[in-house]
Amino acid sequence: MRFAAIADIHGNYLALEAVLADIRAHGITDIVNLGDMLSGPLDARRTIEMLMQLDAVHVLGNHDRYLLDRPPDKMGSWDRPAYDALDAAQLDWLRAQRKTRVFGDDVFLCHATPDSDEVYWLDNVHPNGTVALSPLDRIEQFAQAITQSLILCAHTHLARAVRLRDGRLIVNPGSVGSPGFRDKHPYPHVVEAGTPQARYAILERTDDAWQVTFRHVAYDHEAMAALARRNGQPELANALATGWLR
């Protein structure tokens, strides 16, 4: 079994195009998408048009949910531009996606954790704003009710793989379209990938063991940085241009 995992596109259609081309170049036809597809000051409409035509398994992220569960005047600065770009049929397609899925019987899919689309799983935010790998005990607590041998999550935009003590593997493929962001919860912090490339992961099961290959894909990130700048998001523009917010 061999497939690709993508996540956290955030309306970056050029990064998505490049990642899909790289996936095809590796001869991979099966794709799972772990959510946060559209929100951001880029191009939600072009992105959802691509995703609706893609033969893939999708789950909702927290920002996808924000487009559906609140009035437009209560949406954040990343969500309102995406909402305004979408038509009713596209919102209906998004509404039809689920928060968690099982792929191929042995792969569990979620955006953040099995019970929340907003809680970091493999990473922990400390009171001083440091973002670091979570303790294994905490990681395993979230996985207690999951029987699948491979667990995929996203949300932090950071590519990670953690092998649990019982042999299960948890993988975050990293972000296709947003290499940096700032958040206030649970403490103020920033996440930065350090390079502007689009990220995804290839998962393969051989001899009853899962292996992961993380891919970094070049694309015209300067064009997306320029678009973010035109749309009034200079900090995101910096992240798209360099992988750093500052």
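This chain uses plain numbering: 1 for the first residue, then up along the sequence. Heavy atoms only: backbone and side chains are in, while hydrogens, waters and symmetry mates are out. Worth saying up front: this structure is predicted, and the values here are computed from it rather than measured.
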message: Determine whether a donor-acceptor pair (N or O, by modelled atom type, separation under 3.5 Å) exists between the side chain of Asn172 and the backbone of Ala154.
response: yes
- line: Smallest heavy-atom separation, Leu91 atom then Leu68 atom, equals O-CD2, 3.8 Å
task: Return yes if some donor-acceptor pair links the side-chain N/O of Glu192 with the main-chain N/O of Leu245 below 3.5 Å, else return no.
output: yes
task: Treat each ILVMFWY residue as a node, draw an edge where side-chain heavy atoms are under 4.5 Å apart, and state whether Leu67 and Val176 are in one component.
output: yes
field: Donor-acceptor under 3.5 Å (Arg45 side chain, Ala85 main chain)
entry: yes
Stepwise ring-ring contact (aromatic ring centres under 6.0 Å, His included) check, His155 with Trp121: CA-CA 9 Å; His155 189 50; Trp121 191 342; over 10 Å; no
query: Taking atom types as modelled and ignoring hydrogens, do the side chains of Thr195 and Gln197 form a donor-acceptor contact shorter than 3.5 angstrom?
result: yes
- request: Taking all heavy atoms of Leu133 and all of Asp123, pick out the closest pair and write down the distance.
  value: N-OD1, 4.0 Å
query: Among all residues two or more places apart in sequence or in another chain, which pass the salt bridge (charged side-chain N to carboxylate O under 4.0 Å, His left out) test with Asp115?
result: none
message: Can you give me the closest heavy-atom contact between Ile170 and Cys153, atom names plus distance?
response: CG2-SG, 4.1 Å
query: Roughly how far apart are Asp43 CG and Leu16 CG, rounded to 0.5 Å?
result: 11.5 Å
Identify each donor-acceptor pair in which a side-chain atom of residues 23-34 lies under 3.5 Å from a protein atom, sequence neighbours left out, and give them as a table.
from: His26; atom 1: ND1; to: Asp22; atom 2: O; distance (Å): 2.9
from: Asn33; atom 1: OD1; to: Gly35; atom 2: N; distance (Å): 3.3
from: Asn33; atom 1: ND2; to: His58; atom 2: ND1; distance (Å): 3.0

- prompt: So, Asp64 side chain and Met37 main chain: donor-acceptor pair closer than 3.5 Å or not?
  reply: yes
message: I want to check something: taking the side chain as every heavy atom from C-beta on, are Val107 and Leu152 in contact at a cut-off of under 4.5 Å?
response: yes
message: Tell me if a side-chain donor or acceptor on Asp36 pairs with a main-chain N or O of His63 at a distance below 3.5 Å.
response: yes
- prompt: If you look at every heavy atom in Asp69 and Tyr66, which pair is closest and at what distance?
  reply: OD1-CA, 3.6 Å
- prompt: For the hydrophobic clusters of this structure (ILVMFWY residues joined by side-chain heavy atoms under 4.5 Å, transitively), does one cluster hold both Leu109 and Trp93?
  reply: no
message: How about CG on Asn128, more than 12 heavy atoms from neighbouring residues, nucleotides or ligands closer than 6.0 Å, or not?
response: yes
- line: d(Arg101 CZ, Cys110 SG) to nearest 0.5 Å is 13.5 Å
message: Within the 4.5 Å heavy-atom criterion, are Pro114 and Ile146 side-chain neighbours or not?
response: yes
message: Do Leu38 and Val19 sit in one hydrophobic cluster, given that two such residues count as connected whenever their side-chain heavy atoms are within less than 4.5 Å of each other, even indirectly?
response: yes
message: With heavy-atom distances below 4.5 Å as the criterion, would you say the side chains of Ile202 and Arg2 are in contact?
response: yes
query: Linking I/L/V/M/F/W/Y whenever their side-chain heavy atoms sit closer than 4.5 Å, directly or via other members, would Phe108 and Val171 fall into one cluster?
result: no
OH-CZ distance between Tyr120 and Phe142, expressed to the nearest 0.5 angstrom: 13.0 Å
field: Donor-acceptor pair, side chain of Glu140 and main chain of Arg165, under 3.5 angstrom
entry: yes
task: Just do the side-chain contact (heavy atoms from CB on, under 4.5 Å) check on Trp78 and His10 with the steps written out, would you?
output: CA-CA 9 Å; Trp78 276 33; His10 284 287; 3.6 Å; yes
message: For Arg70 and Tyr83: C-alpha separation, side-chain torsions, deciding distance, then whether side-chain contact (heavy atoms from CB on, under 4.5 Å) applies.
response: CA-CA 11 Å; Arg70 60 202 61 193; Tyr83 179 85; over 6 Å; no
field: Which atom of Ala198 lies closest to which atom of Ala15, heavy atoms considered
entry: CB-CB, 3.9 Å
task: Show your reasoning for whether side-chain contact (heavy atoms from CB on, under 4.5 Å) applies to Leu164 and Leu136.
output: CA-CA 8 Å; Leu164 305 185; Leu136 182 56; 4.0 Å; yes
message: For residues Leu51 and Tyr200: do they belong to one hydrophobic cluster (side chain heavy atoms under 4.5 Å, members Ile, Leu, Val, Met, Phe, Trp, Tyr)?
response: yes
task: Look at atom CG of Asp87 and say whether more than 12 heavy atoms of other residues, nucleotides or ligands are closer to it than 6.0 Å.
output: yes
message: Run the side-chain contact (heavy atoms from CB on, under 4.5 Å) test on Met50 and Thr47 for me, step by step, so that the C-alpha distance in whole Å, both residues' side-chain angles and the decisive distance to 0.1 Å come before the verdict.
response: CA-CA 5 Å; Met50 294 171 63; Thr47 302; 5.7 Å; no
message: To the nearest 0.5 Å, what is the distance between OH on Tyr13 and CG on Leu227?
response: 7.0 Å
- request: Answer yes or no: does atom CG of Asp105 have more than 12 heavy-atom neighbours from other residues, nucleotides or ligands under 6.0 Å?
  value: no
- request: Of all the heavy-atom pairs spanning Ala82 and Ser39, show the shortest one and how long it is.
  value: CB-CA, 3.8 Å
statement: In this structure, CG of Asp183 is separated from NE2 of His189 (nearest 0.5 Å) by 4.5 Å
field: Qualifying side-chain hydrogen bond (donor to acceptor under 3.5 Å, both in side chains) pairs with a residue from residues 233-244, counting only residues at least two apart or across chains
entry: Arg182-Glu235
message: Is it the case that the side chain of Asp207 and the backbone of Ala209 share a donor-acceptor pair, with hydrogens and angles ignored and the cut-off at 3.5 Å?
response: no
task: Measure the spacing between CG of Asp106 and CG of Asp208 and express it to the nearest 0.5 Å.
output: 9.5 Å
message: Using a 3.5 Å distance criterion without hydrogens, assess whether the side chain of Gln97 forms a donor-acceptor pair with backbone atoms of Leu94.
response: no
task: Taking the side chain as every heavy atom from C-beta outward, state whether Met1 and Trp210 have any atom pair closer than 4.5 Å.
output: yes
field: Side chains of Arg80 and Pro72 in contact at under 4.5 Å (non-hydrogen atoms)
entry: yes
Donor + acceptor pair across side chains of His157, Asp8 (<3.5 Å): yes
Donor-acceptor contact present, side-chain Arg205 to main-chain Leu150, <3.5 Å: no
